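The next block holds one structure in the form of structure tokens; read it before the comments.
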Amino acid sequence: MIRVVVVDDEPMVCAHLRTILGSAPDIDVVDTAQDGAAAVEAVVRHEPHVVLMDLRMPGVDGLTAIERLSRLPNPPAVVALTTFDADQYVIRALRAGAAGFLVKTTPPEDLISLVRVAADGHTVLSPAATRRLVAAQVGEQAARDRALHRVRDLTERETEVLTALGEGMSNAQIATRLTLSEATVKSYVSRMLVKLNCANRTQAGLLAYHAGLVTR
């Protein structure tokens with residue numbers, strides 16, 4: 001039997017998915033949960049093969065829960081559930097360790113087969129989900145290419161300062177990290193904002209993120 005935990009903050013959604021999956025002779029929905037914290041507890045308690053995880057929930061959200069589950073000794077395959085109101089959430093879920101993602105409107109017969117695929121250790125991407133992911137990735141790559149073009153002429157030291165800005169560091173913290181005076185760091189930041197055509201530190205920090213200088 002494929003043991004499954006369903007996680008969604010809407011009880012009706014949990015009940016609907018439980019009914020669909022329960023109709024399959026080889027699938028057993030062993031528990032449901034309404035937030036990420038309860039999901040982790042359910043997984044530890046039941047050791048399911050597959051978890052269907054809603055991403056946007058109050059309290060501990062799906063992204064945080066996926067990260068926590070990925071650190072377990074024997075983590076289940078986690079499939080993110082989405083309505084595509086936030087593609088970036090889906091991309092972040094995959095990076096956090098999700099085995100794939102499905103739209104909540106996936107037909108019952110497809111849902112059952114895709115749960116079986118996930119249980120076998122394969123990536124789960126419904127056709128509609130794949131199209132949206134590709135579109136989002138193309139947009140993200142375009143932003144990355146533009147950011148890399150803007151930072152390519154920075155010196156090594158300027159790149160170090162920009163990276164620190166992207167990590168949210170203050171001038172004092174940057175000075176400590178790079179063994180510089182605060183006045184020198186302030187000068188670097190001012191010159192970089194002009195060089196990069198950024199209005200403020202926040203814009204510079206976002207640029208550092210899009211350029212791949214900040215990975216956390």
Side-chain angles (χ1 to χ4, degrees), residues 1-140:
M1 293 291 288
I2 299 172
R3 297 188 302 278
V4 178
V5 168
V6 176
V7 186
D8 197 290
D9 63 330
E10 292 289 342
M12 289 295 291
V13 173
C14 287
H16 177 64
L17 293 176
R18 186 167 208 160
T19 298
I20 292 173
L21 296 175
S23 67
D26 58 337
I27 297 177
D28 180 19
V29 178
V30 294
D31 206 350
T32 61
Q34 275 71 58
D35 64 40
V40 174
E41 293 176 0
V43 168
V44 171
R45 183 165 57 251
H46 297 287
E47 297 185 348
H49 301 99
V50 178
V51 176
L52 299 184
M53 179 78 72
D54 187 22
L55 295 180
R56 309 191 85 176
M57 297 179 290
V60 177
D61 63 15
L63 290 172
T64 302
I66 292 171
E67 292 171 349
R68 293 180 182 177
L69 291 176
S70 68
R71 294 194 290 267
L72 293 177
N74 187 28
V78 181
V79 179
L81 294 173
T82 178
T83 53
F84 281 121
D85 56 344
D87 285 334
Q88 290 303 315
Y89 268 73
V90 174
I91 294 170
R92 288 169 60 192
L94 295 175
R95 288 174 176 166
F101 63 102
L102 299 172
V103 292
K104 292 183 180 180
T105 55
T106 298
E109 61 275 14
D110 291 343
L111 177 64
I112 291 171
S113 64
L114 289 170
V115 165
R116 290 170 177 151
V117 169
D120 283 338
H122 301 296
T123 299
V124 175
L125 296 173
S126 65
T130 302
R131 287 193 293 271
R132 292 297 296 265
L133 177 61
V134 169
Q137 291 283 42
V138 168
E140 186 177 75

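For clarity, every value in this text was computed on a predicted model and none was experimentally measured. Along the sequence shown, residues carry numbers from 1.
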Do [X] and [Y] have side chains that approach each other closer than 4.5 Å (heavy atoms only, starting at C-beta)?
{"X": "Ser23", "Y": "Ile112", "answer": "yes"}
{"X": "Val4", "Y": "Leu17", "answer": "no"}
{"X": "Asp9", "Y": "Asp35", "answer": "no"}

Out of curiosity, [X] [atom1] to [Y] [atom2], how far, rounded to the nearest 0.5 Å?
{"X": "Asp54", "Y": "Gln34", "atom1": "CG", "atom2": "CD", "value": "10.5 Å"}
{"X": "Leu111", "Y": "Leu21", "atom1": "CG", "atom2": "CG", "value": "4.5 Å"}
{"X": "Glu47", "Y": "Leu72", "atom1": "CD", "atom2": "CG", "value": "9.5 Å"}
{"X": "Arg45", "Y": "Asp31", "atom1": "CZ", "atom2": "CG", "value": "5.0 Å"}
{"X": "His49", "Y": "Ile27", "atom1": "NE2", "atom2": "CD1", "value": "11.5 Å"}
{"X": "Ile66", "Y": "Leu55", "atom1": "CD1", "atom2": "CG", "value": "5.5 Å"}

Give the minimum heavy-atom separation between [X] and [Y], together with the two atoms involved.
{"X": "Ala77", "Y": "Ala99", "value": "CB-CB, 4.2 Å"}
{"X": "Pro48", "Y": "Val43", "value": "CD-O, 3.5 Å"}
{"X": "Ala65", "Y": "Val60", "value": "N-CG1, 4.3 Å"}

Tell me if a side-chain donor or acceptor on Arg18 pairs with a main-chain N or O of Val6 at a distance below 3.5 Å. no

Looking at Lys104, Met57, Met53, which one forms a side chain to side chain contact (heavy atoms under 4.5 Å, CB included) with Asp8? Lys104

For residues 57-74, the side chain to side chain donor-acceptor pair (under 3.5 Å) pairs (sequence neighbours left out) are Asp61-Thr64

